[in-house]
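Presented below is the structure to which this report refers.
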Amino acid sequence: MADTDAGLADREAPAPEGRWRRIAREGLWDNNVVFAQLLALCPLLAVTSTATNGLGLGLATLFVMVLAAVLVSTLRGLITDPVRIPVFILLIATLVTVVDLFMEAHLNPLYQALGLFIPLIVTNCAILARAEVFASRHPPAEAAFDGLMMGLGFTAILVVLGGVRELLGAGTLFDQAGLMLGDAFAFLEITVFPDYPGFLLMVLPPGGFIALGFLMAGKRLLDRRREAQTT
């Protein structure tokens with residue numbers, strides 16, 4: 001019992017300043033959900049035909065990831081090991097239901113565009129994985145920050161991939177952002193190439209694979225260049 005108490009006390013101790021930077025760096029880049037963990041690729045490739053769709057799904061996933069991390073961390077002392085995974089899934093499903101109903105009521109065009117992938121956030125491996133490997137072992141503040149950084153890293157990839165595919169496929173960026181996200185986001189709509197004939201391949205699923213491959217290759221090159229500079 002003494003060892004358990006000591007371990008819990010150690011986990012509850014304030015994290016050193018460098019640890020927050022490491023959590024942020026891992027979530028946004030080093031251990032990015034897509035680039036490093038290769039998780040959540042199904043929704044990534046399915047909804048990123050436009051940057052608007054990527055932003056919408058990214059924010060919904062971010063919301064669920066942060067709150068799930070806080071709930072799992074707060075309740076970790078009450079959840080026993082044999083039932084922890086079902087309980088984690090129940091908490092995530094509850095949050096996804098809230099997001100699903102909110103988007104259906106207030107962001108209906110975006111809800112219709114994203115379709116089945118909103119409820120399927122429940123099955124997003126990245127959310128369950130962070131609940132299991134991080135939130136269940138750290139205090140709420142660190143768990144929330146880890147969820148925020150992982151969610152922002154995932155959202156950034158969704159937006160970048162959607163932006164690349166939309167730009168090459170239709171010559172626009174954030175098309176129909178005002179219609180889907182509200183008038184406050186209408187300023188995001190940009191026609192980069194007027195009278196662009198379009199490149200259908202980039203809008204279709206194979207275009208998602210191609211664009212993601214180039215983005216992952218770019219990250220590998222940047223990582224190797226950074227490693228070469230530090231050695």
Problem set entry | By side chain to side chain contact (heavy atoms under 4.5 Å, CB included) - contacts of T80 (at least two apart) | P82, V83

Problem set entry | Flag if over 12 foreign heavy atoms under 6.0 Å of CZ, F209 | no

Exercise. Who passes side chain to side chain contact (heavy atoms under 4.5 Å, CB included) against R84, sequence neighbours left out?
Worked result: I79, D81, F88, E132

For this session: To the nearest 0.5 Å, tell me how far M216 CE sits from F35 CZ.
Result: 7.0 Å

For this session: Only one of N53, T52, T50, T172 passes side chain to side chain donor-acceptor pair (under 3.5 Å) with E166; say which it is.
Result: T172

Seminar exercise, completed: dist C125:SG -> L41:CG (nearest 0.5 Å) comes out at 9.0 Å

Exercise. Just checking, any donor-acceptor pair under 3.5 angstrom between side chains of R165 and T48?
Worked result: yes

For this session: Please report the C-alpha distance between R137 and D146 in whole Å, then the side-chain angles of each, then the deciding distance to 0.1 Å, and finally whether the salt bridge (Lys or Arg N to Asp or Glu O under 4.0 Å) criterion is met.
Result: CA-CA 12 Å; R137 294 172 171 82; D146 176 76; over 6 Å; no

For this session: Look at the side-chain heavy atoms of Ile, Leu, Val, Met, Phe, Trp and Tyr, link any pair under 4.5 Å apart, and say whether L158 and L45 land in one connected group.
Result: yes

Return a table of donor-acceptor pairs under 3.5 angstrom between the side chains of residues 92-114 and protein atoms on other chains or two or more places apart.
unit_1: T94; atom_1: OG1; unit_2: L90; atom_2: O; d: 2.8
unit_1: T97; atom_1: OG1; unit_2: A93; atom_2: O; d: 2.8
unit_1: N108; atom_1: ND2; unit_2: E104; atom_2: O; d: 2.9

Problem set entry | Set of residues satisfying side chain to side chain contact (heavy atoms under 4.5 Å, CB included) with respect to I210, sequence neighbours excluded | L201, F214

Problem set entry | From M149 atom CE to L62 atom CG, the distance as rounded to the nearest 0.5 Å | 8.5 Å

For this session: Name all residues meeting the side chain to side chain contact (heavy atoms under 4.5 Å, CB included) criterion together with L173; count only those two or more places apart in sequence or in a different chain, and write none if there are none.
Result: L167, I190, V192

Side-chain donor-acceptor distances from residues 176-186 under 3.5 Å, at least two apart:
none

Exercise. Quick one: CH2 on W20 to CZ on R25, what's the gap to the nearest 0.5 Å?
Worked result: 15.0 Å

